[in-house]
Amino acid sequence: MGRNIVLIGMPGSGKSTIGKRLAERLGMEFCDIDEYIEKKEGRTISDIFKYGEAHFREIEKKAVREVSKMQPLVIATGGGIVLKDCNIRALKENGVIIFIDRNLDDILSDVDVSRRPLLKNGKDQLCSLYEDRIELYKKYCDIQILNDKGIDQVIDDIIEAIGMENTDLHGEVIISKQT
Ligand SMILES: Nc1ncnc2c1ncn2[C@@H]1O[C@H](COP(=O)(O)OP(=O)(O)O)[C@@H](O)[C@H]1O
Ligand SMILES: O=C(O)C1=C[C@@H](OP(=O)(O)O)[C@@H](O)[C@H](O)C1
Ligand SMILES: [Mg+2]
């Protein structure tokens, strides 16, 4: 059975948007972990966060365990998935982990904070999230893709890079910034 393609990265880095279109391009099923959680819990992410982040992370951990067993899927994770290494271990069992690396200015230019409780006190929280997480995204990924161009071009880069996943380029930037 084919492997899953798992997208990780900061909130607003493009995981949900790119993941959905990537799945269409590859003729694969798509699962957005946040959407999976909202459907299963019958509540929005923001409502779940009202019980605290730790409560959300436990729900997220359970969702990851369930979704990572389904195959083959394109999976868009939530930005905080890397906070528990058990999430990454589960996702790595059947999947290749792709870090969607989008610079903060581009994220700030269009991120919808209404659906991201961690950013409710202003977008400058994004910088502290980035500082806390950037090394985790880089450590856990098999492939790192720069999202600094049109979405369809980023998808082209991912499809090309997946073909290269058996090389020893794990963790290195495979697609450098297009000049
Ligand atoms: N390369 C890009 N070009 C234009 N818009 C982008 C690009 N990447 C992401 N976006 C936009 O950024 C916003 C956040 O994307 P989203 O897929 O929700 O991110 P995530 O799931 O990682 O939080 C969306 O409006 C999306 O269309
Ligand atoms: O970065 C985070 O901790 C979060 C990112 C969100 O998903 P996106 O990455 O799709 O915004 C969602 O899981 C929740 O608001 C927490
Ligand atoms: Mg998303």
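Counting convention: from 1, in listed order, for ligands and their atoms alike. Bear in mind the structure is a predicted one, so any value in this text is a computation, not a measurement.
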Which residue supplies the protein heavy atom nearest to [atom], what is that atom called, and how far is it?
{"atom": "atom 11 (O) of ligand 2", "answer": "Arg116 NE, 2.6 Å"}
{"atom": "atom 7 (O) of ligand 2", "answer": "Asp34 OD2, 2.8 Å"}
{"atom": "atom 1 (O) of ligand 2", "answer": "Arg133 NH1, 2.7 Å"}
{"atom": "atom 15 (O) of ligand 2", "answer": "Pro117 CD, 3.6 Å"}

Going by the atom numbers of ligand 2, which of them fall below 4.0 Å from some non-hydrogen atom of [X]?
{"X": "Leu118", "answer": "2 (C), 3 (O)"}
{"X": "Phe56", "answer": "13 (O)"}
{"X": "Gly78", "answer": "7 (O), 9 (O), 13 (O)"}
{"X": "Lys15", "answer": "8 (P), 9 (O)"}

Any donor-acceptor pair under 3.5 Å linking the side chain of [X] with the backbone of [Y]?
{"X": "Glu38", "Y": "Ile45", "result": "yes"}
{"X": "Asp101", "Y": "Ile145", "result": "no"}
{"X": "Lys139", "Y": "Ile134", "result": "no"}

Taking the side chain as everything from C-beta on, heavy atoms only, tell me whether [X] gets closer than 4.5 Å to [Y].
{"X": "Lys62", "Y": "Ile59", "result": "no"}
{"X": "Ile100", "Y": "Ile18", "result": "yes"}
{"X": "Leu104", "Y": "Cys127", "result": "yes"}
{"X": "Cys86", "Y": "Lys61", "result": "yes"}
{"X": "Leu118", "Y": "Gln125", "result": "no"}
{"X": "Arg89", "Y": "Lys92", "result": "no"}

Within less than 2.8 Å of the Mg ion (ligand 3), any N, O or S from Ser16? yes
Decide whether Asn4 and Gln71 meet the rule of one side-chain donor and one side-chain acceptor closer than 3.5 Å. no
Polar side chain donor-acceptor pair, Gln144 to Tyr137, under 3.5 angstrom: no
Using distance alone, determine whether Thr77 and ligand 2 share an N or O pair under 3.5 Å. no
I want to know if ligand 2 touches Gly79 in the polar sense, i.e. an N/O pair below 3.5 angstrom. yes
Where's the contact between [X] and ligand 2, heavy-atom distance under 4.0 Å: side chain, backbone, both or neither?
{"X": "Lys120", "value": "neither"}
{"X": "Arg57", "value": "side chain"}
{"X": "Leu83", "value": "neither"}

Which protein residues come within less than 4.0 angstrom of ligand 1, counting heavy atoms only? Met10, Pro11, Gly12, Ser13, Gly14, Lys15, Ser16, Thr17, Arg102, Asp110, Arg116, Asn147, Lys149, Ile151
Assigning hydrophobic clusters by single linkage (Ile, Leu, Val, Met, Phe, Trp, Tyr; side-chain heavy-atom cutoff under 4.5 Å), is Phe30 placed with Ile159? yes
What do you reckon, does Gln125 put a non-hydrogen atom under 4.0 Å from ligand 2? no
If you measure from each heavy atom of Glu53 to ligand 2, is any distance below 4.0 Å? no
Evaluate Arg25 against Asp156 for salt bridge (charged side-chain N to carboxylate O under 4.0 Å, His left out), listing each step before the verdict. CA-CA 10 Å; Arg25 282 272 292 273; Asp156 289 344; 2.4 Å; yes
Does the pair Thr77 and Val64 meet the rule for a side-chain contact (heavy atoms from CB on, under 4.5 Å), with working shown? CA-CA 8 Å; Thr77 64; Val64 165; 6.0 Å; no
